[in-house]
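A quick write-up on the structure given underneath.
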Amino acid sequence: MESFVVLLPLFGAMLAMPVGRAIGPRAAELLTTGLLLIAAVIAWFLLFDVTSLMGDDGGGVRTIELFTWISSGGFKAVWAVRLDALSAVMLVVVNSVSFLVHWYSMGYMKEYGEQSRFFAYLSLFTFAMLTLVTADNFLQLFFGWEGVGLASYLLIGFWFKKKSANDAAIKAFIVNRVGDFGFALGIVAVFYVFGSVEFDTVFNAVAANAEITPFGQTAGAPIQELSINFLGHNWHALTVIGVLLFIGAMGKSAQFFLHTWLPDAMEGPTPVSALIHAATMVTAGVYLVSRCSVIYEYAPNAAAMVTLVGAVTAFFAATVALLQDDIKKIIAYSTCSQLGYMFFAAGVGAYDAAMFHLFTHAFFKALLFLGSGAVIIAMHHEQDIKKMGGVRIALPFTHILMVIGTIAITGVGIPGVFLFGAPFGAAGFVSKDMIIEGAFAAGEVGRAFGYFAFVLGLLAAVMTAFYSWRLIFLTFWGPSRAPEEVRKHPHAVPDAMMAPLIPLAIGALVVGMAFYGQFVGNNKQAFWGDALYFKTAEHVEGAASVDHAGADETTHDAPVEASAHGEDAGAEGEGGGHHVPGWVLWAPFLAMLSGALIAANHYLRGDPLRPGLLREGGMIYGFLKNKWYFDEIYDFLLVKPAFRIGRLFWLEGDGKTIDAVGPDGIAAAVAAGARRIVKLQSGYLYHYAFAMLIGIAVFITFVLIRAGGGQ
């Protein structure tokens, strides 16, 4: 059964196109969607089986070896399915969202055609991500890592006759290769240091501070103090490994500097956007850092880099989303910002909070993307929210679902109120607030960039509320700004597109409260088991071990990991823990409220398109509207020089040198010689007779000379 949860999507990918050709596209849709449904059911069963959700301590780590993949000398890599709490959570996220996306696509792709190819790509994407999250070693993980890169290329460029789609697919592929190069070097560094790429071998050695002798070296040292020579300098080995692995995560999860591919990925069909942003590709980086938690706990500089990049990404992407008008790109930059939250949570040691937010984010982000797809269909493929307005009249149910998604992502809840032992609020309120509070608490104990992440997280929360409600107000509320034809004849949205949104909406409201105790609350130790690593006992009860009952300050254990966050947090921290001011508990809520009120004040009063605080033509407006000019800077520094160099090598090197001297030159010489020789063929008989006489004369002369020389 454990193997089938991974292999069923592969079977769907392999069979979709043959079945589609033999029976029809509907059969391919039903086949792939049915297999994903079975995989999703198995995934939920495995989550209960390997964690404490069944009321015990779970099944721990379970590894099913399928076959030996590579065996060369002392190097061996097996292909296995690794099941623990971390992989079980990812199996649920990937299979559940992918099933709903498949279901949704049955309605969405009806008028586009090529369903068999599309569903084959979707299932291949799902299989690659499942391979990644169930890997038992870095090499198998890298296979899945590259697999999702390939599948994303195919899906982003699905409409390959459209130039912008091809450009976006190439951009995503190339930018990810930059990060993947760092990831590949990280895997090489792991093997160089540990002599193995197996997770258990590497992680156990780091946790036990084992004596390690790198490959080819004669002397070693305890791994936590080990240095390696790189580029003529000695570097802390775990820091080098942690930084290189994180560079891979930056590319795959679209973090600052390597984020430029993500908004362009909206060129693919909307279900692709939902799958990429909610469950597969972009979550791979967060999973990688969490899986390698033991490495980052003993590589504080690498962890500091994760925190810094994550915090800056959360802030940067939120600023860009403020002025975007494309409904899908607003949500895309929202994903980029939310991933920043997850990364800086992991950077301050709150790996469980990072995974908790990844889990809740999957529900409300898929809801928002698929809901926006319904809006786009109804508006005859219009994506500019400034050309919408009043859509709630045509799509009242979609409006309600999108509002639910907005409530979840902005973090609507009531601080200090608990329901069944969990903070009362939507999914984002429970998980995102844990991260923000965890960052503050991490700063309390001197964790690098903890306060910095806390401040940028709050600012991003204000902007998240603003741009999220801006999308709702401009799209669904106010007078319609759509063309008359669109207003009178909105496109019908198939029921197959609307039905999958219901479970996502329910999840966006309740999964935070439902899974709070297991992911980050009092039961987290039994839930996560050995899947996540916390360095010492003082780091076990984490950063946001706070009392939401309203006390002015709350005692909790070392504020590194957002975990306790519960009613009894004060009791847990009686052993001389740290104190979190009461205002920290309310800060995320107030940030959310202020952003929502600012949006309502501007877009619900008067002309919603009137100039705001940032007016067109201003420097700040241009800076944000042009996405901090990253595309322009990269185009100037990288793309155009690369084209110039390529053109130089093509025209001067390949054309005028290699081809001119080589094949073209030889061919030209032969042709020129042939043209000269052919002139001897005049066609006149007396020319040929004269040539024969000269030939005979030359021959006789040669014979006479040879005969005379012999005497």
Side-chain angles (χ1 to χ4, degrees), residues 93 97 125 128-129 132 145-153 155-157 167-183 245-268 272-290 305-321 324 326 328-347 354 357-358 361-362 365-366 368-369 409 456 460 463-464 467 627-631 633-634 638:
V93 169
V97 173
F125 201 176
M129 189 65 188
L132 189 158
W145 194 271
E146 293 303 303
V148 296
L150 169 64
S152 68
Y153 172 80
L155 284 167
I156 294 169
D167 291 344
I170 293 171
K171 185 176 183 180
F173 196 79
I174 292 175
V175 173
N176 271 275
R177 297 292 73 72
V178 175
D180 293 353
F181 180 68
F183 187 28
L245 293 179
F246 179 60
I247 290 173
M250 287 175 64
K252 200 64 69 183
S253 294
Q255 292 300 281
F256 196 64
F257 291 126
L258 296 179
H259 66 276
T260 53
W261 68 270
L262 191 62
D264 292 53
M266 299 303 98
E267 287 291 338
V272 174
S273 304
L275 195 57
I276 290 177
H277 288 247
T280 55
M281 189 165 174
V282 297
T283 62
V286 180
Y287 168 81
L288 174 65
V289 173
S290 298
M305 178 182 176
V306 176
T307 306
L308 176 62
V309 172
V312 171
T313 303
F315 175 79
F316 151 76
T319 64
V320 174
Q324 294 298 305
D326 187 312
K328 289 174 64 177
K329 288 191 175 181
I330 295 172
I331 305 173
Y333 277 108
S334 169
T335 299
C336 193
S337 182
Q338 297 302 308
L339 289 166
Y341 277 106
M342 300 175 206
F343 274 111
F344 79 67
H357 196 52
L358 184 154
H361 175 264
K365 186 51 57 72
L368 290 170
F369 262 117
I409 192 173
L456 291 193
M463 292 183 284
T464 299
Y467 67 67
K627 301 161 286 188
W628 290 31
Y629 294 103
F630 266 102
D631 285 323
I633 292 171
Y634 286 169
L638 301 174

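Counting begins at 1 with the first residue of the sequence.
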Ser273 and Ala265: which non-hydrogen atoms are nearest, and at how many Å?
OG-O, 4.2 Å
Does a side-chain heavy-atom distance below 4.5 Å link Ser290 with Met342?
no
Step by step, would you call Phe257 with Phe316 a side chain to side chain contact (heavy atoms under 4.5 Å, CB included)?
CA-CA 11 Å; Phe257 291 126; Phe316 151 76; over 6 Å; no
Given 3.5 Å as the limit, does a donor-acceptor pair link the side chain of Tyr467 with the main chain of Val320, or not?
no
Phe369 side chain near Met266 side chain, heavy-atom distance below 4.5 Å
yes
Apply side chain to side chain contact (heavy atoms under 4.5 Å, CB included) to the pair Ile247 and Phe183, showing each step before the final yes or no.
CA-CA 6 Å; Ile247 290 173; Phe183 187 28; over 6 Å; no
Would you confirm whether Thr260, through its side chain, and Asp631, through its main-chain N or O, come within 3.5 Å as a donor-acceptor pair?
no
Considering all heavy atoms, the nearest Phe343-Ser253 contact:
CE1-CB, 3.4 Å
Look at the aromatic rings of Phe630 and Trp628 and report parallel, tilted or perpendicular, splitting at 30° and 60°.
parallel
Can you name the nearest heavy-atom pair linking Ala249 to Val289, along with the distance?
CB-CG2, 4.3 Å
Any side-chain to backbone donor/acceptor pair from Thr283 onto Ala279? Under 3.5 Å, distance only.
yes
Drop me the distance from Ile331's CD1 to Asp326's CG, to the nearest 0.5 angstrom.
9.0 Å
Would the distance check show the side chain of Thr313 and the main-chain N or O of Ser337 forming a donor-acceptor pair, the cut-off being under 3.5 Å?
no
Answer yes or no: is there a donor N or O on one side and an acceptor on the other, between the side chain of Thr464 and the main chain of Ala460, under 3.5 Å?
yes
For the residue pair Val309 and Phe344, establish whether any side-chain heavy-atom pair is separated by less than 4.5 Å.
no
Side chain proximity check, Phe125 to Ile276, heavy atoms < 4.5 angstrom:
yes
Gly251 backbone acceptor or donor facing Trp261 side chain under 3.5 Å:
yes
Would a 4.5 Å heavy-atom cut-off, applied to side chains only, mark His277 and Leu262 as touching?
yes
Judged by atom type as modelled, is there a donor-acceptor pair below 3.5 Å linking the side chain of Lys329 to the main-chain atoms of Gln324?
no
Just verifying a value: how many Å separate Leu358 CG and Leu339 CG, rounded to the nearest 0.5 Å?
8.0 Å
Counting only heavy atoms not in Tyr629, do more than 12 fall under 6.0 Å of its OH?
yes
Working to the nearest 0.5 Å, report the span between OG1 of Thr335 and CD1 of Ile409.
7.0 Å
Looking only at heavy atoms, what is the nearest atom pair of Ala362 and Val93, with distance?
CB-CG1, 3.6 Å
Determine the minimum heavy-atom distance between Cys336 and Gln255, stating which atoms define it.
O-NE2, 4.1 Å
Gap separating the NZ atom of Lys328 from the OG atom of Ser334, nearest 0.5 angstrom
15.0 Å
Between Arg177 and Phe181, is NZ or CZ placed under 6.0 angstrom from the six-membered ring centre and within 45° of the ring axis?
no
Pairs where residues 272-286 contributes a residue and the test salt bridge (charged side-chain N to carboxylate O under 4.0 Å, His left out) is met, not counting sequence neighbours
none
Taking the side chain as every heavy atom from C-beta outward, state whether Lys252 and Met281 have any pair of such atoms under 4.5 Å apart.
yes
Specify the closest pair of heavy atoms between Tyr333 and Ala321, including all atoms of both residues, with the distance to one decimal.
CB-CB, 3.9 Å
Using the ring of each side chain (for Trp, its six-membered ring), is His361 parallel, tilted or perpendicular to His357, with breaks at 30° and 60°?
tilted
